[in-house]
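Working notes, beginning with the structure itself.
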Amino acid sequence: MGAPRLSSTPLPGIGVRYDLTTREQRRISVVAHRDGARTLSAYRQDDPDACALSVRLTSGEATALVDALTPDHHSPNLLSTTELGLVAERIELASTSHWNGRVLGDTRMRTETGASIVAVLRRAEAIPSPTPDFRLAGGDTLIVIGTREGVDTAAAILGRE
């Protein structure tokens with residue numbers, strides 16, 4: 001899957017229009033008005049020149065929509081997503097976890113999920129690149145990187161009680 005296609009067009013006296021074409025070839029545009037308002041428009045799939053929806057948002061409403069569309073605002077676990085299809089997520093190890101007190105290698109995380117634990121946050125300390133003999137503790141926050149599926153599977157494994 002390629003990167004989304006986004007273009008911008010200056011609209012003199014109005015603001016800037018941003019056009020996005022999705023991977024499904026759907027067109028969405030946002031006009032960023034000079035007064036801070038935004039107009040969000042979606043176009044019909046069968047006729048990309050015909051507007052199916054147009055909503056004018058105040059600056060505050062636009063900010064609320066951005067918050068809803070930005071995963072890290074609503075999922076403090078999500079760190080980033082790249083065009084390569086990788087995500088990095090924070091996964092907290094519960095004190096009741098099966099892995100509390102066990103070494104990282106016992107999880108067989110990379111073998112079972114393809115995801116890697118690249119760091120552990122413990123209290124005010126960060127442990128980068130923990131080795132297989134690193135002992136996990138309840139309350140640790142593990143930084144896991146992999147595909148969405150791999151990270152989800154890792155979270156399920158780490159959540160085992």
Side-chain angles (χ1 to χ4, degrees), residues 1-8 17-30 32 38 40-48 51-55 57 61-161:
M1 178 178 89
R5 293 190 322 244
L6 182 68
S7 63
S8 63
R17 176 180 165 154
Y18 297 93
D19 292 297
L20 172 71
T21 302
T22 69
R23 69 173 179 210
E24 296 168 342
Q25 300 304 306
R26 299 294 307 261
R27 281 191 356 143
I28 301 169
S29 73
V30 174
R38 302 290 187 264
L40 173 66
S41 301
Y43 297 86
R44 291 182 24 190
Q45 192 165 12
D46 62 334
D47 183 357
C51 187
L53 170 74
S54 184
V55 179
L57 304 168
E61 292 165 339
T63 299
L65 181 58
V66 167
D67 285 346
L69 292 172
T70 307
D72 61 356
H73 288 202
H74 292 283
S75 175
N77 294 332
L78 184 67
L79 297 175
S80 64
T81 303
T82 71
E83 296 88 32
L84 299 174
L86 298 176
V87 297
E89 215 171 319
R90 298 172 186 250
I91 300 173
E92 186 169 339
L93 193 71
S95 60
T96 57
S97 172
H98 169 79
W99 306 109
N100 184 8
R102 296 180 184 229
V103 295
L104 180 59
D106 288 350
T107 67
R108 298 180 37 85
M109 191 60 58
R110 194 172 314 141
T111 302
E112 298 295 323
T113 70
S116 296
I117 297 171
V118 298
V120 175
L121 309 177
R122 182 176 285 166
R123 293 182 281 285
E125 182 183 9
I127 299 105
S129 303
T131 60
D133 62 344
F134 178 83
R135 194 160 301 279
L136 298 168
D140 283 351
T141 299
L142 287 68
I143 308 299
V144 182
I145 294 180
T147 63
R148 174 80 270 155
E149 180 182 349
V151 171
D152 288 346
T153 303
I157 289 170
L158 293 166
R160 179 177 157 205
E161 293 187 8

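- Distance check: Asp106 CG to Asp133 CG gives 10.5 Å after rounding to the nearest 0.5 Å.
- Distance check, rounded to the nearest 0.5 Å: CZ of Arg160 to OG1 of Thr107 gives 11.0 Å.
- Nearest heavy atoms, Gly139 versus Glu92: CA-OE2, 4.1 Å.
- Distance OG/Ser8 to CZ/Arg17: 11.5 Å, rounded to 0.5 Å.
- Nearest heavy atoms, Trp99 versus Leu93: CB-CD1, 4.2 Å.
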* To do: Evaluate side-chain contact (heavy atoms from CB on, under 4.5 Å) for Arg26 paired with Thr21, printing each intermediate quantity in order.
  => CA-CA 6 Å; Arg26 299 294 307 261; Thr21 302; over 6 Å; no

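- We find the CG-OG1 distance between Leu158 and Thr153 to be 11.0 Å, quoted to the nearest 0.5 Å.
- Sorted by first and then second residue, the side chain to side chain donor-acceptor pair (under 3.5 Å) pairs with a member in residues 112-122 read Arg108-Glu112, Arg110-Ser116, Arg122-Asp140; sequence neighbours excluded.
- The minimum heavy-atom distance linking Ala154 with Val144 is given by the pair CB-CG1, 4.1 Å.
- Asn100 and Ala137 make their closest contact through OD1-CA, 3.4 Å (heavy atoms, listed as atom of the first residue, atom of the second, distance).
- Of all heavy-atom pairs spanning Ala115 and Val151, the tightest one is CB-N, 4.3 Å.
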* To do: Begin from the C-alpha positions of Arg90 and Leu121 and carry the test side-chain contact (heavy atoms from CB on, under 4.5 Å) through to its verdict.
  => CA-CA 9 Å; Arg90 298 172 186 250; Leu121 309 177; 3.5 Å; yes

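- No donor-acceptor pair under 3.5 Å is formed between the side chain of Ser41 and the backbone N or O of Ser29.
- Using a distance-only test at 3.5 Å, with no hydrogens or angles considered, no donor-acceptor pair links the side chain of Asp19 to the main chain of Ser7.
- For the atom pair NE2 (His98) and CD1 (Ile157), the distance works out to 10.5 Å, reported to the nearest 0.5 Å.
- From Leu142, atom CG reaches atom CG of Leu104 across 7.0 Å, with rounding to the nearest 0.5 Å.
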